[in-house]
Amino acid sequence: MAGITYEDFLDLSFDPADSDLVCTFRIVPADGMDVESAASRVASESSNGTWAALPTGEGFTDMRAMAFDIEALGGGADADGGTDAAEIKVAYPEGLFEPGSMPQILSCIAGNIMGMKAVDTIRLVDCEWPEGVATSFAGPQFGSSVRQEVFGADDRPILATVPKPKVGLSTERHAEVGYEAWTGGVDLLKDDENLTDQEFNPFHDRLVESLAERDAAEDETGEPKSYLINVTAGTNEMLERVDQVAAEGCEYVMVDVITTGWAAVQTVRERCEELGLAIHAHRAMHAAFDRLPQHGVSMRVLAQISRLVGVDQLHTGTAGLGKLANEDTVGINAWLREDLYGLNDVLPVASGGLHPGLVPDLLDATGTNVCVQAGGGIHGHPDGTHEGAKALRAAVDAYAEDRSLASKAEESPALRTAIDEWGTETPR
Ligand SMILES: O=C(O)[C@H](O)COP(=O)(O)O
Ligand SMILES: [Mg+2]
């Protein structure tokens with residue numbers, strides 16, 4: 001090759017190798033740019049090209065990505081109602097990637113191209129991960145096995161709750177709320193995404209006091225209980241907190257995976273393996289990447305990344321039923337469960353505006369191999385947290401028993417009250 005220009009990154013007859021990472025992008029070319037030119041610029045900028053023609057020759061390894069498939073999306077597919085939106089596929093050679101480094105991979109496939117003027121918008125929609133790249137990551141340590149192995153939950157989903165208000169509760173009150181919820185029937189107490197180590201509720205005190213209440217709740221109910229404590233912080237501080245969690249005898253840590261960053265999650269994953277802890281991933285800030293359908297990085301790809309870097313549980317939405325916008329919860333959950341070269345699966349977490357009246361429709365959509373989380377849908381119960389937890393547990397038990405909520409409510413006053421309060425409406 002004497003030299004390369006962006007045109008050398010498009011070949012519609014190209015057949016990707018099994019070892020290539022194939023990415024699907026949805027693009028809207030800039031005004032005056034045809035889709036072929038835009039597609040080849042995407043492949044060029046995300047591998048080893050730039051805006052100018054480049055010399056090649058001695059000392060150069062060909063690491064070109066290739067745009068090889070273009071499908072017009074037709075009228076109205078652009079944000080502005082235009083007709084030139086397209087879905088394109090780009091194949092990246094395996095050697096382009098540093099094994100086991102998610103930041104490096106993303107700097108290629110979701111890097112400069114996200115702001116490139118050749119496209120008005122660009123969205124990384126999906127990735128087909130080849131074995132070499134996928135297995136250079138650890139994947140989940142436990143995955144959905146926690147549901148049965150930690151909690152013995154059989155046919156029902158495991159249940160979690162976030163004390164509300166999400167921040168501002170004292171440590172003592174937080175732990176008490178945990179006790180009320182655990183003894184009402186939830187399996188997991190969960191911190192909220194913005195509760196870490198604040199003066200009103202310091203991390204280590206909360207860890208110790210909550211686990212003391214956890215032990216009391218286990219004694220009272222005879223059921224295993226656990227705590228998703230939020231270790232989110234700078235990486236070194238997170239590792240300190242992970243060590244504290246293990247030392248105090250908890251099974252899990254929770255990490256805000258988008259705001260901490262994938263490299264930090266990879267580091268936490270290594271420490272969690274040494275200590276035998278599972279990772280619950282909260283996805284706060286994901287919508288900055290995935291909410292606008294024409295641009296960014298899809299939740300599907302964020303979920304793929306989460307599995308590769310090794311979280312065990314991940315929030316994937318509520319199949320349209322809760323308070324948050326969701327992208328294809330069902331399809332994402334299916335991907336998290338598919339075989340991926342022997343890597344463990346991920347337990348999907350449904351959270352955001354759930355309450356007992358939504359449980360049947362939710363579980364019809366997601367199946368029962370999930371974690372169901374309700375904050376407001378427990379603590380907002382007219383009779384308080386304990387009754388709220390009983391109501392949610394009754395709703396999932398009814399599903400496992402193949403009974404309607406109405407029939408279960410005849411024997412569960414807590415569920416009856418929840419249904420009377422919230423019905424089966426989706427909150428906003
Ligand atoms: O972090 C979460 O999952 C949310 O705080 C859910 O809260 P909600 O159940 O009250 O919507
Ligand atoms: Mg929250």
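Computed from a predicted model, the values in this text were never measured in an experiment. Ligands are counted one by one from 1 in listed order, and the atoms in each one are counted from 1 as well.
Between Lys166 and ligand 1, a contact under 3.5 Å exists for no N or O pair. At a 3.5 angstrom cut-off on N or O pairs, Gly377 does not count as close to ligand 1.
At the top of the distance list for atom 4 (C) of ligand 1, counting protein heavy atoms only, stands Lys164 NZ, 3.8 Å. Here the heavy atom of the protein found nearest to atom 9 (O) of ligand 1 is Gly375 N, 2.7 Å. Of the protein's heavy atoms, Ser351 OG, 3.4 Å lies nearest to atom 2 (C) of ligand 1.
Residue His315 has at least one heavy-atom neighbour below 4.0 Å for each of these atoms of ligand 1: 3 (O). Shown in contact with Gly376 at under 4.0 Å from a heavy atom are these atoms of ligand 1, numbered in order with element: 8 (P), 9 (O), 10 (O). Atoms of ligand 1 lying under 4.0 Å from at least one heavy atom of Gly353, given by number and element, are 8 (P), 9 (O), 11 (O). Using a 4.0 Å cut-off to heavy atoms of Glu193, the atoms of ligand 1 that qualify are 1 (O). The distance from ligand 1 to the heavy atoms of Gln373 drops below 4.0 Å at these ligand atoms: 3 (O), 6 (C), 7 (O), 9 (O).
When only modelled atom types and interatomic distance are considered, His355 and His381 share no side-chain donor-acceptor pair under 3.5 Å. Side chains of Asp205 and Thr171: a donor-acceptor N/O pair is absent below 3.5 angstrom, by distance only. No side-chain donor from either of Thr183 and Glu220 sits under 3.5 Å from a side-chain acceptor of the other.
Closest N/O/S atom of Glu193 to the Mg ion (ligand 2): OE1. The closest approach of Asp192 to the Mg ion (ligand 2), by N/O/S atoms, is made by OD1.
A salt bridge does not link Arg156 to Glu401: none of the charged nitrogens lies less than 4.0 Å from a carboxylate oxygen. Electrostatic pairing of Lys225 and Glu218 does not count as a salt bridge here, judged by no charged N lying under 4.0 Å from a carboxylate O. At a threshold of 4.0 Å, the pair Lys166-Glu193 counts as salt-bridged, since one of the basic side-chain nitrogens sits closer than that to a carboxylate oxygen. Between Glu251 and Arg214 a salt bridge is recorded (basic side-chain N to carboxylate O distance below 4.0 Å). With respect to Arg206 and Asp191, a salt bridge is recorded, a charged nitrogen being found less than 4.0 Å from a carboxylate O.
Of all the heavy atoms of Ala374, the ones lying under 4.0 Å from any atom of ligand 1 belong exclusively to the backbone. Looking at His282 against ligand 1, only its side chain comes within 4.0 Å, counting heavy atoms.
Between Lys323 and ligand 1 there is a heavy-atom distance shorter than 4.0 Å. Within the structure, the closest approach of His379 to ligand 1 does not fall below 4.0 Å when heavy atoms are considered.
Residue Glu149 places its CD atom among 12 or fewer non-hydrogen atoms of other residues, nucleotides or ligands, all under 6.0 Å distant.
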Next item on the list: Before giving the answer on ring pair (Phe, Tyr, Trp, His ring centres under 6.0 Å), spell out for His315 and His286 the whole-Å C-alpha distance, their side-chain angles and the decisive distance to 0.1 Å.
Entry: CA-CA 10 Å; His315 291 228; His286 75 96; 9.3 Å; no

